[in-house]
Every structure is written in C-alpha cells, then in structure tokens.
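Notes follow the structure.
Just so it is clear: chains get the letters A, B, ... in the order the sequence lines come, proteins before strands, and each one is counted from 1.
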Amino acid sequence: MTDKDSNILEQTRLEKLHRLRGAGIEPYPARSQVTHSTTSAMDQFLALENGTETGAEVEKAIVTLAGRLRSMRPMGKISFAHLEDGYGRLQIFLRVNDIGQEQMDLFSHELDLGDFIQVTGYIFRTKTGEATLYVQSFILLAKSILPLPPAKDEVVDGEIVRHATLTDPEVRYRQRYADLAVNPDTRRIFQLRAETVRALRRFLDQRDFIEVETPILQPIYGGAAARPFVTHHNQLKQDLFLRISFELYLKRLLVGGFERVYEIGRDFRNEGVSFKHNPEFTQLEYYQAYADYLKIMEQTEQMVAFVAQEVLGTTLVKFDGHEIELAPPWKRVEMRQGILDATGIDIHLHRDAASLKQALEARGIKHNPNATRGKLIDGLLSEYLEPTFIQPTFVYNYPRDISPLAKSMPGDPQTVERFEGYIGGMELCNAFTELNDPLDQEARFLEMGREYAADDEESNPLDEDYLRAMSYGMPPNGGFGMGVDRLVMLLAGVHSIREVILFPHLRNRDEA
RNA sequence: GGGCGAGUAGCUCAAUGGCAGAGCAGUGGCCUUUUAAGCCAUUUGUUGAGAGUUCGAUCCUCUCCUCGCUCACCA
C-alpha cells in the first residue's frame, strides 16, 4: 500500500497510540475481564426491570462488557457512544462527574471509531428510553489504526436505515473482514451458512449416516467431468490432482461395509468463474446402500425442506424476485418429455449424435458439432429447460454417455437412472442409482475414453483401483451430490455465489 | 477468453477540454440525555496505471489493471 504512510487519518491514530504509550497506557493489553455480552447484559437488565414493581428502584447490576466502538457522540462534559460485540449493540453513556476529566479527555480525544474497549457500569434508561450502559470505568483493549469504512445507520419506524455504507464489491470481497465489521447483513449470511451446514449434518446423522473424510490430493481424479488443478509432491516426485468430486472414494467405503456415508467438503474445478461458479466450492455427497434414485429424490425434497425450516423457520424463500416453495412434493419432469415439450424433438427417435444433430439443424438450434449425443441433450436441457425451473424441479432419466457412473434403466440401456434438482433456474443437485456392476463400469470407462478426444482434459484417467474395489462387490446404492454454496444462496436470497463464500476467488491484483 | 458498464478525498458520490467539489470521517473549539447529535472553524487529491491528441486532458483516443453484469466454457 503506497498510501500507508501518507494517509493522515492513520498518522493521526498512530500519534494517539504513541501518546497513550507515553502516558503509560498500553493500547493492546493482553487481558480483559468481560462478564457479559451486550445481549446477556440486556437480558439481565430487562429481567430486573420487569421484576420490579412501580416505585421500586431497579437494582444496579454491575456488568463488564467489551466490544468495538461503532459511534461516538461527545458533548463536552458527557458523551454517548455505541459499543458492538459479537451479539449486538449497546449504547454507553459517560459523564465527567463519574469518571473524571482525565478519563473524559482520553475518551473524547484519544479513542476512535473501531477501537475495542472494555466498559464497566450498570444499565439504565435515558430520557428517550434507550437502555444504556452508565459507564463507571473503561479501558482500551485494542487501538484501531486503519479507519473502518464508515457505516452510519439510524432507526426510522423500527427499520434500520443505513446511510454511508461499504458497498464496493471489490473491497467487500478482498477485505471481507472490513465488510463483516461494518455490514451486519454480511455477518447474517455467514451465520445462516453455518446453520445450513449444521442442519444438513443433523438431517443425515438422524438417518444413521456417518460423516467421513476422503483425500483431497488424489493421484487420479474422477467422479465428475471437470478440469482439475494439478499440484506436485516434492519428496515423492509425484504429480497430484485436487479432487473434483468425492464420489469414487465414498463408494469404495460401501464396498468396505459402511452402508450410509457422507462428506461435506471442498471440491476444486479449474474452470470459468461466474455468479454461480467459484473454483473451489463446498459440496455435500452421500451414498446410501439399498436405495435407488427415486428414494434419493424423495429424500432430497425432505432434506431441503428440513434445512429451510430449521434455518429460516419456513419453506418459502425469496430468490431473484421469485417466491419459491421448497416443501415437497417438487415438480418432476422426465427428460425426454421435457425436451419434447420445449423443442418438439423426441430424443428417443434420435438414437445417435448424427441423427440428433440433423434434428437440431432442421430447427435452427445451434450446437457444438463435435458433441456426443449426451452432450447435445444436455445442451438442450441447459438452454431450454434449466432457466424455466424456478420452482423446485427434478429432471430425471439422463443419457448414458454423460453419466458413466449411473446405472442404466432396465430395458433402456441408453438411458440411466439419474436426476438433477433445479431451483431458481440453477442446478442444485445431481444424483443417481449408482452403477455397481464392475464389468459394465469398465466398459463405460473405456467407452468414454473413445468418445472424448485424447486431449480433452475432462476425460478422466481410468481408475483401476476403483474397478478393483467394485469387483469385490458393492451393494446397490443411491448417491447424491449438492452444491452447498448454491443452497445457501437460495436460503439467503442472494444472487451471487461470492456473497456466500467468505473469501471468494478474485483475480490477482497487480500492486506494482 | 468475448461484449457492455464502472473506477474522482479515508467512505458515499458530484463536476467540467481552462484553478476538482459536497456530505460523512479527521483535526481545533463550544456543548451534562445524544443517537446519521448539533453549531463554528479547518485539513485531505498521482481524478485506477501508462502512452497519445491538444497551448492546455479528470474529460477525447489507445493500451493495461481491477470490479460488476453478460456471453462462452462448465457429462
């Protein structure tokens, strides 16, 4: 930062800091003696207040709290300020009669917005009725050198109206600490995120799933079609990939005898960035022995509705200008029928890529000439169906060649038992009846190797160890994967994945 | 990677081919129930970076950087 030493605001604060040190006051003491939070102090005060009949004196319960100075209104011989801690805000009140001129000057002249202080006193009500801490003593806990972005707010008819506030997305993402410090809405999103993850765990734990952790650094990546990040182990002289999914490891555990496993963790995909894509994102995957995709479909509706109810207290969410009802049952669209309705093309009448391309060309639908049949169908899904799925919708029965890990439908080898869940025009989850036939699985891997060009980085290397595991015998099972970030977007009602990731990936900033 | 938009004081934003402004924040003063406290005074700029056109560029042109939106990519 070039303006570091030229910024007069920082210089002023540094001078204050040096003056404090010179006066024997440590601006960063190691210890504090907090007895209450803003809310617990307030709760205690309200209880005392309510327990007191008219005419009786409210007992002056002495509390010590700590927090950050968020506003200051010095008025000569008295001073008001607001203190904010991790729970909320409380107004504090200082009077020269009680704390003395020296402390009063210290408060008015040497403290700044953003400083952490500890205050001791009792709560009373001001003329305007605001419960306020009457300060008997205070100490500085941490001096703030860099001024926080100002974020003033006032209360109008019970609504908080914010005036100057930090809105620049770049600063908000790069300096998330500052965003969190001044924007309560940002803090709320990440509290909601934590509650969402807890609720997901609760849902699965109640159903006898066990949570496991599988490798992030993998010698062979797989389980999804995505370009990986590559890294290197120096000592072992071995290239490693950051995982693009958990799938192949989790299903090895079914071979090992666990019947219900899940993992919540980070996936890494070396692909484009957008409002719904971050290079690293949080994924939930679970696998359940003796379940099929229809069972998983039902469970998905229940899980999402459960989480919404736990986190928001309702299954009705607002997203992107829409009211979305998450309670079951969700709409179900069979893929063939959905595409037929939307485009007039019956994919069952076009059993190979060439035939399907002809049909697309006849209707003037643009497409990638090198795509497989499955990719063409997937393109139709993304183009014509996905944006229309605002209310929760399952699309089911997918083409086999884009689903190498899913089991074919009885009597229709070109179609697999797979579904994806869409909400708000966004893919939320993906699940299928897992393929557990090692011979079929090997054939699929080889088939994929033929259909994808050799230089197509999405074509996964053949995972022979996975085939060996399956050869020992894998119970029939249903598997499920969901983007946790997207679920949080939905519940928080925000349109960008960056709003639900604390430190989203941004381009390098050249600080030359 | 392509297209569109944006970048001006610490923050939020004005302005004009001719001395770059306001509010807030800061600093000094007044103020014993304020709360976007108020009043008086006052400080703050490589106008994102670089180059070009021009007597003169924050403004026009080009290149670059960053952010946002969007398209492509993303079984």
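- Listed by first and then second residue, the salt bridge (charged side-chain N to carboxylate O under 4.0 Å, His left out) pairs involving residues 120-136 of chain A are A/Glu49-A/Arg125 (not counting sequence neighbours).
- Within 4.0 Å (heavy atoms only), A/Pro399 reaches no atom of the nucleic acid at all.
- Proximity of A/Lys16 to the phosphate of B/U27: a side-chain N or O atom is located under 4.0 Å from OP1 or OP2.
- Among the protein residues, A/Phe124 comes within range of the nucleic acid bases, having at least one heavy atom under 4.0 Å from a base atom.
- Residue contacts shown for A/Thr126 include a base, since a base heavy atom lies under 4.0 Å away.
- A/Asp112 places its CG atom 17 Å from the P atom of B/C11, with the value rounded to the nearest Å.
- Rounded to the nearest Å, the gap between the C1' atom of B/U53 and that of B/U61 is 7 Å.
- Distances shorter than 4.0 Å separate none of the side-chain N or O atoms of A/Lys77 from OP1 or OP2 on B/C30.
- Residue-to-nucleotide contacts include no donor-acceptor pair under 3.5 Å from the side chain of A/Glu130 to the base of B/U33.
- Across all strands shown, A/Tyr398 has no heavy atoms under 4.0 Å from either base or sugar-phosphate atoms.
- Residue pairs meeting the salt bridge (charged side-chain N to carboxylate O under 4.0 Å, His left out) criterion with at least one member in residues 418-428 of chain A, sequence neighbours excluded, are A/Arg418-A/Glu420.
- Stem regions annotated for RNA chain B: B:1-7 with B:65-71, B:10-13 with B:21-24, B:26-30 with B:38-42, B:48-52 with B:60-64, counting only runs of 3 or more consecutive pairs of Watson-Crick or G-U type with both contacts under 3.5 Å.
- Between A/Arg73 and B/U34 there is no side-chain polar atom (N or O) within less than 4.0 angstrom of OP1 or OP2.
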